[in-house]
Amino acid sequence: MDSLIRQIVDAHTAIRPQVRVTPLELSAPLSLMNGCEIFLKCEHIQRTGSFKFRGAVNKIRLLNDSERKSGVITASTGNHGQALALAARSSGVPVTVYAPATAAKVKLEAMRTFGARVELVEGDALAAEKAAAEQAAEQGKLFVSPYNDIDIIAGQGTVGAELYDRAPDLDAVFVSVGGGGLISGVGSIMKKLSPKTQIIGCWPENATAMYSSLQAGKIIDVPECDTLSDGTAGGVEPGSVTFPLCQQVIDRCELVSEQEIRRAMRLLASTDRWMIEGAAGVALAAALRLTPEFKGRKIAVVLCGRNIVLEKYLQAIAEQ
C-alpha cells in the first residue's frame with residue numbers, strides 16, 4: 001500500500017490542470033435536517049461528469065511511447081470510456097471501448113464524441129471487460145481496466161487527497177463501490193493521512209459483486225438485478241488488485257434499496273439543486289441512513305457522477 005500512496009501523492013499534482021480540484025461543499029439543508037455536518041465532494045462536476053477522469057488522465061500520462069502510438073483498449077458502460085477517450089484525445093492516443101450493448105445510447109454517443117471507437121458486446125459489464133482484454137492481447141495493445149489498474153486507482157485516490165486538504169478532521173467518508181477503484185484509492189490515502197476517518201463502502205442491494213466477494217473472502221460471481229446505480233453494476237474481474245485493497249481499507253459496508261437511492265437523489269435535487277446519477281445516490285442514501293450515528297460530527301459523501309439520461313432521472317425522482 002505504501003507504493004500506492006506514493007503514486008497517489010504524485011498524481012495529486014501531476015494530473016493538474018486537466019483534472020479539476022472539485023469543491024467540498026457543506027450542505028446546510030442536509031446538515032440541519034440530520035444534526036451533523038454533511039459535506040458533498042462534488043465529483044459530478046468533474047470533467048466528463050464523473051471521478052473517472054482522474055484515473056484516465058493519470059493512466060494516459062504514464063503511457064510509454066509504444067503504448068501511445070498503438071493505442072489502448074478498455075471496457076466501459078459509459079463513465080470510464082468517456083474519461084479515457086477525452087484524456088487520450090489531447091495526446092493523440094487512439095482508444096477503443098468495448099461496451100455492453102445495453103449501455104445507455106447517450107453514453108455510447110458521448111464516448112464516440114470524445115473520439116473513441118466503440119464496440120458493442122452482448123452481456124454485462126464483466127463480459128465487455130473480458131472481450132476487451134482478449135482483443136487487447138490479440139492486437140498487442142494495452143488493456144486499461146476501469147478499476148483493476150494501479151495507475152487508475154492512484155488517479156482516483158486524488159479524491160481522498162483533496163478531501164484531506166479541505167477537511168482533515170472528517171469522521172467518515174461514504175463511497176459507492178463497483179469494481180472498487182475509487183474506494184481503493186480514497187481509502188488508501190485516507191488511512192495514511194487520517195486513520196480515524198471511517199471509510200464506508202456503499203452498494204445498491206441489487207448489485208453487490210464486490211460486497212458479496214468481501215463477505216465470501218474471495219472474488220465470486222454474483223447474479224445482479226437492474227439498478228439505478230448502473231455505474232457500479234457488473235462483476236469483479238478475477239484477480240483484481242482492488243479486492244485485497246478493499247479488504248484493507250473498507251471499515252464498514254452498507255447496502256441500500258432502490259427506493260432509498262431514489263429518495264436520496266430527489267432530496268439532493270430539492271435541498272442543493274444537484275442532479276446526480278444513481279451511483280452517487282447510493283453513497284448519499286447510505287449516509288442519510290447512518291446520520292443518527294454521527295450526530296454532531298462531520299461526514300463527507302462522494303457524489304461520484306451525474307451521467308444519467310434525463311428521462312431516467314426524472315422518473316427516478318418522481319414521487320412514488
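Owing to the predicted nature of the structure, the values given are computational and were not obtained by experimental measurement. Residue numbers count from 1 along this sequence. Reckoned from all heavy atoms, side chains included, excluding hydrogens, waters and symmetry mates.
Within a 6.0 Å radius of NZ in K295, other residues, nucleotides and ligands contribute more than 12 heavy atoms. Residue R16 places its CZ atom among more than 12 non-hydrogen atoms of other residues, nucleotides or ligands, all under 6.0 Å distant. Annotation for D221: atom CG does not count as buried by contact number, only 12 or fewer foreign heavy atoms lying within 6.0 Å. For D65, the CG atom is loosely surrounded, since the number of other residues' heavy atoms within 6.0 Å does not exceed 12.
Counting only distance, with no hydrogens or angles, the side chain of S213 and the backbone of I220 share a donor-acceptor pair below 3.5 Å. Panel note: side chain T74, backbone S145; no donor-acceptor pair is recorded below 3.5 Å. With hydrogens and angles ignored, the 3.5 Å screen pairs a side-chain donor or acceptor of T13 with a backbone N or O of D10. When atom types are taken as modelled, the side chain of D171 and the backbone of I299 share no donor-acceptor pair closer than 3.5 angstrom. Side-chain atoms of N34 come within 3.5 Å of backbone atoms of L30 as a donor-acceptor pair (strictly under, hydrogens ignored). Judged purely by atom type and a 3.5 angstrom limit, R68 uses its side chain to pair as donor or acceptor with the backbone of R61. Side chain of S229 to main chain of G231: no donor-acceptor pair is present (N/O by atom type, distance under 3.5 Å, no hydrogens or angles). Proximity of a side-chain donor or acceptor of R289 to a complementary backbone N or O of L255 within less than 3.5 Å is detected. Remark: the backbone N or O of G81 is paired with a side-chain donor or acceptor of S76 at under 3.5 angstrom. Judged purely by atom type and a 3.5 angstrom limit, S31 uses its side chain to pair as donor or acceptor with the backbone of I38.
Taking CD1 of I8 as the reference point, atom CE of M190 lies at 11.5 Å (rounded to 0.5 Å). The structure places OG1 of T242 at 12.5 Å from CD1 of I152, a figure rounded to the nearest 0.5 Å. In this structure, the separation between CZ on R20 and CD1 on I45 is 7.5 Å, given to the nearest 0.5 Å. Taking CD of E205 as the start and CD of Q259 as the end, the distance is 11.5 Å to the nearest 0.5 Å. If you take CG on L214 and OG1 on T208, they are separated by 10.5 Å, rounding to the nearest 0.5 Å. To the nearest 0.5 angstrom, L84 atom CG is 12.5 Å from R89 atom CZ.
Annotation: side chain of L228 is in contact with side chain of M265 (closest heavy-atom distance under 4.5 Å). At least one side-chain heavy atom of C42 sits less than 4.5 Å from a side-chain heavy atom of P23. Side-chain contact between R47 and V19 is absent, with no heavy-atom pair separated by less than 4.5 Å. With a 4.5 Å cut-off on side-chain heavy atoms, L284 and F174 do not count as touching. Counting only heavy atoms from C-beta outward, the side chains of I199 and K191 approach each other to under 4.5 Å. Residues I189 and V9 meet the side-chain proximity criterion, which asks for heavy atoms closer than 4.5 Å. For the pair V177 and T232, the minimum side-chain heavy-atom distance is 4.5 Å or more. Looking at E237 and F243, their side chains never come closer than 4.5 Å, going by heavy atoms from C-beta outward.
The closest side-chain donor-acceptor pair between R54 and T158 falls under 3.5 angstrom. A donor atom on one side chain and an acceptor atom on the other are not found under 3.5 Å apart for H44 and N307. The closest side-chain donor-acceptor pair between E277 and N79 falls under 3.5 angstrom.
Note on I250 and L4: same hydrophobic cluster, where clusters join Ile, Leu, Val, Met, Phe, Trp and Tyr whose side-chain heavy atoms are under 4.5 Å apart, directly or indirectly. Residues L303 and V256 fall within the same hydrophobic cluster, defined by Ile, Leu, Val, Met, Phe, Trp and Tyr side chains chained together at heavy-atom separations under 4.5 Å. When the side chains of ILVMFWY residues are joined at heavy-atom separations under 4.5 Å, either directly or via intervening members, I73 and L142 end up in two distinct hydrophobic clusters. In terms of hydrophobic clustering, with Ile, Leu, Val, Met, Phe, Trp and Tyr side chains grouped at heavy-atom distances under 4.5 Å, V236 and V186 are assigned to a common cluster. Under a hydrophobic-cluster definition in which Ile, Leu, Val, Met, Phe, Trp and Tyr are linked whenever side-chain heavy atoms come within less than 4.5 Å, directly or via other members, I183 and L245 are assigned to the same cluster.
Comment: K59 does not engage E67 in a salt bridge, judged by the lack of any side-chain N to carboxylate O separation of less than 4.0 angstrom. In this structure, D251 does not pair ionically with K196, as no charged nitrogen and carboxylate oxygen lie closer than 4.0 Å. Classification of R266 and E260 as a salt-bridged pair fails, no side-chain N sitting under 4.0 Å from a carboxylate O. Ionic pairing of R263 and E258 is not present here: no N-O contact between side-chain nitrogen and carboxylate oxygen is shorter than 4.0 angstrom. Ion pairing of E37 with R297 is absent here, as no side-chain N (NZ or NE/NH1/NH2) approaches a carboxylate O to less than 4.0 Å. By the 4.0 Å N-to-carboxylate-O rule, E109 lies close enough to R112 to be salt-bridged with it. In this structure, R306 does not pair ionically with E43, as no charged nitrogen and carboxylate oxygen lie closer than 4.0 Å.
Closest non-hydrogen pair, G123 versus T102, comes out as O-OG1, 4.3 Å. Residues S240 and Y147 share a closest heavy-atom pair of OG-CE1, 3.4 Å. S184 and G180 make their closest contact through OG-O, 2.7 Å (heavy atoms, listed as atom of the first residue, atom of the second, distance). Of all non-hydrogen atoms in L182 and S176, the two that sit nearest each other are CD2-O, 4.5 Å. Nearest approach of A300 to L170, heavy atoms of both residues: CB-CD1, 3.8 Å. Looking at every heavy atom in both residues, A85 comes nearest to M111 through CB-O, 4.1 Å.
When the options E25, Q46, E162 are evaluated for a side-chain hydrogen bond (donor to acceptor under 3.5 Å, both in side chains) with K41, the one that passes is E162.
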Carefully, step by step, assess D272 and L40 under the rule side chain to side chain contact (heavy atoms under 4.5 Å, CB included). CA-CA 10 Å; D272 293 79; L40 306 173; 4.0 Å; yes
After noting the C-alpha distance and the side-chain angles of K130 and D124, does the key distance pass the salt bridge (Lys or Arg N to Asp or Glu O under 4.0 Å) rule? CA-CA 10 Å; K130 291 178 178 177; D124 61 9; over 6 Å; no
Mind running side chain to side chain contact (heavy atoms under 4.5 Å, CB included) on C36 and K298 for me, showing each step along the way? CA-CA 6 Å; C36 61; K298 182 183 293 188; over 6 Å; no
Passes side chain to side chain contact (heavy atoms under 4.5 Å, CB included), L108 versus V106? Steps please. CA-CA 5 Å; L108 297 174; V106 66; over 6 Å; no
Give the intermediate values and the outcome of side chain to side chain contact (heavy atoms under 4.5 Å, CB included) for residues T197 and V173. CA-CA 7 Å; T197 303; V173 177; 3.8 Å; yes
